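Note sheet for the following structure.
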Amino acid sequence: MTAGGILRRFASLIPVWLGVSALAFALGTLAPGDAAEMLLQRRTGEPPTQQAVLQMRHQLGLDAPVPVRYLRWLGAALRGDLGTSLRSGSPVIEDLSGRFPATLELSLAALLLGLCVALPLGIGAARRRGSIVDHGARTFAIVGASMPSFLSGYLLILIFAVGLHALPVAGRGGLAHLILPSITLALGFAAALTRLTRAALLEELGQDYVRTARAKGLSERVVVLRHALRIALVPVLTFAATRFGHLLAGAAIVEAVFAWPGIGKHIVDSIYDRDYPAIQGFVLFMGTVFVLLNLAVDLAYRAIDPRVGQREDRWAS
Amino acid sequence: MGELTAAVLAPRDHLARRLSRDPVVLGGACIVALFVLLALGAPLLAPHDPSAIDPVHRLQGPSLQALLGTDALGRDLFSRVIFGARWSLGASALTTGLVLLLGIAVGVAAGYRGGPVDAVLMRIVDAFLAFPSLLLALAIVGTLGPGVFNAVLALTVSGWATYARLVRGLVLTLRERPFIEAARAVGGTEAHIVLRHVLPNILAPVAVLATLELGEVLLALSALSFLGLGAQPPASEWGAMLNDARSYFFIAPRLLFAPGAAITLAVVGLNLLGDGLRDAFDPRLQ
């Protein structure tokens, strides 16, 4: 893919990102109550005077028309200023970027774990269709996708932390702390990936080139692993990459269960505390992360399979 | 038009026969039917009042009087799980309905009209799809404040875009089909074509996906309630019961596992039904 192509792809994200920013800004204006009044109330602990509220509104620029406020907010955001958290008193961007690594760590661990479980399971199920492995994999795919992470998380705590005393109940620390939360987060992802791996490999195994390879007398192992799997892995890995965003999002619940100090737990705490600048900043921050993530997946996919770009262009017309 | 409709519908009769023999679809349908029955017949099926507080008999283990024991306020857990089907399924069904309504309206408008209407609507859809819906729902309900109605609203706002895109795709392929062109040629008004020809033909695939969506919504709604942002106590919504149970996890884990198991089983039923229908109906829908 040419540099111009990459640049064009990047430029096409600008309207999406502007939409995301508008969404984040709109969310801030939805907040009940008057921002200036709330800020003063928090600072002094008592209801502010009318005079003080008006002064603060002017100071915060809240008396300007909405489009002006949006542009000002957007301009500040582009310079990395997402406002000040009402709860911590520090810049929102610092709170968010400080906690993001913990969420990233958890999500990457879950991604790795999911791939390590789903690929062998899906491949095994496809190779021995109708066997006990296949039934096991299909059951796992249904139950894993249906079980909420707050249930599986507490089940794991009950068995491995409370019952066996083998692993810590909650918190972030060494590798031992990472095990239960990442299994919990990986469960739904691994279930969906197992199902997709099985389906993709089964489809390839039904193709003509597989029959040819078998007819040539190649061993079944070579046919499956060298030929069919290589093709089947393209949609599987693409799915894994796009689902990474869902892992980052799903981490919010897992973090609440395991008291994991990531961005999801932070936002839930901010919600309890009605810290609106933090919520608004969070939407823009995560929106930006997802837009960039999708771009990365898209570019990687195009690098592997040049047909993608053409196909998409045809659909767009 | 009668013959044409019959021709379109014909393969589906065949389909209905095949579906009734599919064990996956049948199993899923049975589970879903069980939960619908629980929700509708809750007052008859629950042995106790789900909100009757009894401090003397709090946190008691399972017994003949209370099949799953009692919670921290002495309420019968079994009855609360049964009544929970009303809250959880009711709110999920409402959300799914709203999501579909909005998604279909926007999707049909974009797909049928095309041009600048399509372009603008799809850019809005893109912005909404830039997020995993749970995060957006979390932020919306976080801003509006906790409550089951706000949770329904948040999940609707964060969920409609997927359907708008899907319906638009379906309408785009339909628009060029001969029978739509025929309807246009004989002078059918736009409203007539959309209502009589476009909508009926997208309803089947949309209904299949709605079954799967219902499971997703149930999970998301429970997640919001579990975080304390959806249904509020003393409502016996499953997610809210889970949130209540967190404080007693180490002394009475069954308070958590009973509603958790109910959610899982209901979603398994919906997924089995939806998967089976999808595979039978249209392999192209992934």
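Everything numeric here is computed off the predicted structure, so don't read it as measured data. The sequence lines fix the lettering, A, B, ..., with proteins before strands; numbering per chain opens at 1. Hydrogens, waters and symmetry mates play no part in the numbers below; they use all other heavy atoms, side chains included.
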### Query
Between A/Leu18, A/Val283, A/Ile267, which shows the greatest number of heavy-atom pairs under 4.5 Å with chain B?
A/Val283
## Note on the structure
Looking only at A/Leu158, A/Ile157, A/Val268, the option with the highest number of non-hydrogen pairs under 4.5 Å against chain B is A/Leu158
#### Entry: B/Pro259 versus chain A, the contacting section by heavy-atom distance below 4.5 Å
neither
### Message
Is it the case that atom CZ in B/Phe149 sees more than 12 heavy atoms from other parts of the structure closer than 6.0 Å?
### Response
no
#### Entry: Inter-residue atom distance B/Leu272.CG - A/Ile142.CD1, 0.5 Å rounding
4.5 Å
### Task
Applying salt bridge (Lys or Arg N to Asp or Glu O under 4.0 Å), name anything that partners A/Asp275, two or more places apart in sequence or on another chain.
none
## Note on the structure
Ranking A/Val20, A/Leu248, A/Leu13 by heavy-atom pairs under 4.5 Å to chain B gives rank one to A/Val20
### Message
Applying a heavy-atom distance below 4.5 Å, give me the residues of residues 261-271 of chain B that approach chain A, sorted by number.
### Response
B/Ala261, B/Ile263, B/Thr264, B/Val267, B/Val268, B/Asn271
### Query
Ion pair present between B/Asp275 and A/Arg138, side-chain N to carboxylate O less than 4.0 angstrom?
no
### Task
Please step through side chain to side chain contact (heavy atoms under 4.5 Å, CB included) for the pair A/Ile253 and B/Leu134, ending with a clear verdict.
CA-CA 10 Å; A/Ile253 296 156; B/Leu134 183 65; 3.5 Å; yes
#### Entry: Most contacts with chain A, counted as non-hydrogen pairs under 4.5 angstrom, among B/Ile124, B/Leu136, B/Leu138, B/Leu144
B/Leu138
### Query
For A/Leu155, is it the side chain, the backbone, both or neither that has a heavy atom under 4.5 Å from a heavy atom of chain B?
both
### Query
Does the side chain of B/Leu227 come within less than 4.5 Å of A/Ile271's, by heavy atoms?
no
### Query
Parallel, tilted or perpendicular: which fits the ring planes of A/Tyr154 and B/Phe226, with parallel below 30° and perpendicular above 60°?
perpendicular
### Message
Below 4.5 Å, heavy-atom pairs only: which of A/Ser152, A/Pro148, A/Ala252, A/Ser149 has the largest tally toward chain B?
### Response
A/Pro148
### Query
More than 12 non-hydrogen atoms from neighbouring residues, nucleotides or ligands closer than 6.0 Å to CD on A/Gln207, yes or no?
yes
#### Entry: Part of A/Phe150 lying under 4.5 Å from any heavy atom of chain B
both
### Task
Please look at A/Leu27 and chain B and tell me whether the side chain, the backbone, both or neither of the residue comes under 4.5 angstrom of a heavy atom of that chain.
both
### Query
Any chance CH2 of B/Trp87 has more than 12 other-residue heavy atoms, nucleotides or ligands included, within less than 6.0 Å?
no
